[in-house]
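The first residue in the sequence is number 1, and the count goes up from there.
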Amino acid sequence: MQKKNPILKKVRSAKLTQRHVHEFEGSTKLAEEGADRHNHRFAGVTGQAIRVGKSHVHEIDLTKTDFLNHFHNLKKIRTGPAISVGNGKHVHFVTGLTTLNDGHQHQFNFATLIQEPLI
């Protein structure tokens, strides 16, 4: 029985440029009243930079806050444009509302951490 020669395929690599991301952490504002008054904490990493005019923004798609008998999501949130903090570094301001769960939503606002903190 003859051995078949393996077929070698040329793989063309598309050179994709990876753009930077930012870590973030924050807490929602308080919601509800009385004994049910509470907030949530969250943390994550933004999506890659999206060019907008002379700056850029990032998308945040966080599927869960911390658990207090229910979760909230931060879905399809966009950061504001880059805010310089010196030495070529920047942060982004983020504001919005969580998803509705357990009959309420939470407002939030926070700044991302700087990009590439050790570089």
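The number of heavy atoms from other shown groups lying within 6.0 Å of CG (N87) does not exceed 12. Within a 6.0 Å sphere centred on CD of E25, heavy atoms belonging to other residues, nucleotides or ligands number 12 at most. Surrounding CZ of R41 are at most 12 heavy atoms belonging to other residues, nucleotides or ligands under 6.0 Å away.
Classification of the H104-H40 ring pair by plane angle, with boundaries at 30° and 60°, yields parallel.
With F108 as reference, V94 is the one residue of T65, V94, T95 to meet the side-chain contact (heavy atoms from CB on, under 4.5 Å) rule.
Of all non-hydrogen atoms in H72 and T98, the two that sit nearest each other are ND1-OG1, 3.4 Å. Here the closest heavy-atom approach between residue Q107 and residue L97 is recorded as CG-CD2, 3.5 Å. The shortest non-hydrogen separation linking P81 to S55 is CB-OG, 3.5 Å. A pairwise comparison of heavy atoms in Q115 and V21 identifies CB-O, 3.9 Å as the closest pair. V91 and T112 make their closest contact through CG1-O, 3.4 Å (heavy atoms, listed as atom of the first residue, atom of the second, distance). Annotation for F24 and L62: closest pair CE1-CD2, 4.3 Å, computed over non-hydrogen atoms.
The distance from the CG atom of L74 to the OG1 atom of T99 is 7.5 Å, given to the nearest 0.5 Å. E33 CD to L30 CG: the interatomic distance, rounded to the nearest 0.5 Å, is 9.0 Å. In this structure, CG in N101 is found 11.0 Å from CG in L68, a value given to the nearest 0.5 Å. Rounding to the nearest 0.5 Å gives a distance of 11.0 Å between CZ of R19 and OG1 of T46.
Hydrophobic clustering keeps I77 apart from V57 (ILVMFWY residues linked when any side-chain heavy atoms are closer than 4.5 Å, directly or through intermediates).
Not one N or O on the side chain of D61 forms a donor-acceptor pair closer than 3.5 Å with the backbone of K75. Put simply, the side chain of H22 gets close to the backbone of L113: a donor and an acceptor are under 3.5 Å apart. For Q48 (side chain) and H20 (main-chain N/O), no donor-acceptor pair under 3.5 Å exists by modelled atom type. Put simply, the side chain of T79 gets close to the backbone of H58: a donor and an acceptor are under 3.5 Å apart.
A 4.5 Å side-chain heavy-atom check between H90 and H56 finds at least one atom pair inside the cut-off. Side-chain contact between I50 and R78: present, with at least one pair of heavy atoms (C-beta onward) separated by less than 4.5 Å.
The pair E32-R37 does not count as a salt bridge, with every side-chain nitrogen at least 4.0 angstrom from each carboxylate oxygen.
Residues F110 and F42 place their aromatic rings such that the two centres sit under 6.0 Å apart.
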